[in-house]
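What's counted below: heavy atoms across the whole structure, side chains too, no hydrogens, waters or symmetry copies. To find a chain, count down the sequence lines: A is the first, B the second, and so on, and within it residues start at 1.
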2 protein chains.
Amino acid sequence: MCHDKDVHTDDRLPEAELTFLLGMAFQLLLAEFTERLAEAGQADLRPVHGMVFQILRSEGATGTELAQRLGVTKQAAGQLVDDLEQRGYVRREPHPEGGRRKLVVLTDAAHAHLAVAGRTLHDLEAELARRTGTGDLATLRTELTQLVRAMAGDTPPPLRPVW
Amino acid sequence: MCHDKDVHTDDRLPEAELTFLLGMAFQLLLAEFTERLAEAGQADLRPVHGMVFQILRSEGATGTELAQRLGVTKQAAGQLVDDLEQRGYVRREPHPEGGRRKLVVLTDAAHAHLAVAGRTLHDLEAELARRTGTGDLATLRTELTQLVRAMAGDTPPPLRPVW
DNA sequence: CATGCGAGTCAAGCTGCTTTACTCAGTGCG
DNA sequence: CGCACTGAGTAAAGCAGCTTGACTCGCATG
């Protein structure tokens with residue numbers, strides 16, 4: 001869980017910009033998360049796939065809706081769906097409201113992944129709460145929520161790669 | 001600063017996972033930051049370039065060192081340096097300790113960018129502190145610092161794209 | 001001198017996305 | 001009815017940013 005390569009010696013974490021801290025925290029958490037998922041035998045799904053699953057979770061969505069929520073073009077979303085369909089994680093069904101639309105829905109395999117991922121993530125965050133000692137990651141959570149609200153209103157922005 | 005496309009109606013920010021919140025917060029901040037930089041006439045430099053500048057800031061570094069700090073291959077780092085050199089932001093100087101090494105250092109243009117970027121980032125964070133009302137982004141900062149320390153020890157990990 | 005190592009670089013390839021351009025189903029309107 | 005128009009999906013090509021593999025060169029060490 002720790003980097004043992006000491007490529008540089010200065011230790012200026014406290015003075016670091018908020019933005020940097022956010023980036024590092026996110027990166028570390030996500031990396032650890034995906035690593036644990038891989039250990040749990042889910043190495044074939046990257047974070048973006050988990051994101052797709054969450055979006056499709058309740059009622060599915062059309063390709064275009066998916067694209068909007070992911071913040072990519074509909075072609076890119078289509079490629080993701082192609083891939084996931086081929087691997088048996090989603091199905092394209094005719095859309096109930098007809099038209100040229102198709103409804104992309106999750107298969108059982110995807111729901112199984114969501115279950116594992118959810119547990120893994122919760123474990124990770126719980127473990128982290130213990131390790132920081134503070135125990136009140138709740139504080140952190142509410143502060144972050146305020147920050148996000150301040151910048152994006154009530155609509156969660158698409159979560160996308162970062163540079 | 002806000003997304004006005006309301007592509008979905010549920011509003012479950014509070015129950016969101018910590019990891020999601022971190023991702024959204026980071027993404028929003030970085031997007032706003034780069035946008036403001038672009039308005040300030042620095043549209044030709046992406047966040048990764050700012051990262052490079054910060055690494056080279058004090059004493060410069062060799063290509064390999066830079067690659068390690070960025071978390072990419074030395075070839076990728078070399079391409080970044082090629083690009084920045086061509087655009088006048090860095091120079092390759094012979095390394096004082098000789099060998100095949102070269103020391104990559106910043107030009108005045110890069111230092112100017114760092115100044116603008118630093119100010120922009122500070123303004124943004126200050127404005128955010130006002131808008132959240134809490135005023136104590138210091139709390140957030142220290143909590144994030146604890147989190148990062150808990151996961152990475154004292155060595156800031158390379159900050160890289162995320163999925 | 002030979003061997004090996006580490007830094008840098010050249011070249012090819014890949015992946016995930018974008019841009020451009022098209023097809024097709026439904027809608028509204030003369 | 002015929003006909004433009006819209007919006008979803010798809011097909012194809014291109015591109016950016018990275019990787020892997022193979023190499024060159026400077027220097028240290030035996």
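Comparing A:L103 and B:G99 against DNA chain D, the residue whose closest nucleotide sits nearer the 5' end is A:L103. Residue A:V72 is the one, among A:G98 and A:V72, whose nearest nucleotide of DNA chain C lies closer to the 5' end (criterion: closest heavy atom).
Put simply, CD on B:Q68 is 14 Å from C1' on C:dG8, counting in whole angstrom units. Taking atom CG on B:D82 and atom P on D:dC18, their separation rounds to 13 Å, with Å as the unit. Rounded to an integer number of Å, the gap from CD of B:E97 to C1' of C:dG8 is 16 Å. As rounded to whole Å, 13 Å separates atom P of D:dA16 from atom NE2 of B:H49. Atom pair A:E65:CD and D:dA8:P shows a separation of 8 Å (rounding to whole Å applied). The separation between B:Q79 atom CD and C:dT9 atom C1' is 10 Å, rounded to whole Å. Here C:dA7 presents its P atom at 15 Å from CZ of B:R92, a figure rounded to the nearest Å. Atom pair A:M51:CE and C:dG16:C1' shows a separation of 18 Å (rounding to whole Å applied).
Using a 4.0 Å heavy-atom cutoff across all strands shown, B:G78 reaches no nucleic acid atom at all. Base engagement by A:T73 is indicated by at least one non-hydrogen atom pair under 4.0 Å involving a base atom.
Taking 4.0 angstrom as the limit, A:R46 places a side-chain polar atom (N or O) nearer than this to OP1 or OP2 of C:dG16. One finds a side-chain N or O of B:T64 lying less than 4.0 angstrom from the OP1 or OP2 phosphate oxygen of C:dG8.
Side-chain atoms of A:K74 and base atoms of D:dG9 include a donor and an acceptor less than 3.5 Å apart. Side-chain atoms of B:Q75 and base atoms of D:dG21 include a donor and an acceptor less than 3.5 Å apart. Evaluation of atom-type donor-acceptor distances gives a pair under 3.5 Å for the side chain of A:R100 against the base of D:dA8.
Each of C:dG8, C:dT18, D:dA8 was ranked by its minimum atom distance to the side chain of B:K102; first place goes to C:dG8.
The closest side-chain donor-acceptor pair between B:Y89 and B:D108, if any, does not fall under 3.5 angstrom. Using modelled atom types and a 3.5 Å distance limit, the side chains of B:E125 and A:T19 yield a donor-acceptor pair.
For the pair A:T62 and A:E65, the tightest heavy-atom approach, listed with the atom from each and the gap, is N-OE1, 3.0 Å.
Contact check on B:K102 versus B:E93 returns no salt bridge, with no Lys/Arg side-chain nitrogen under 4.0 Å from an Asp/Glu carboxylate oxygen.
Criterion: ILVMFWY side-chain heavy atoms under 4.5 Å apart, direct or through other members. Under it, A:L114 and A:V116 are part of a common hydrophobic cluster.
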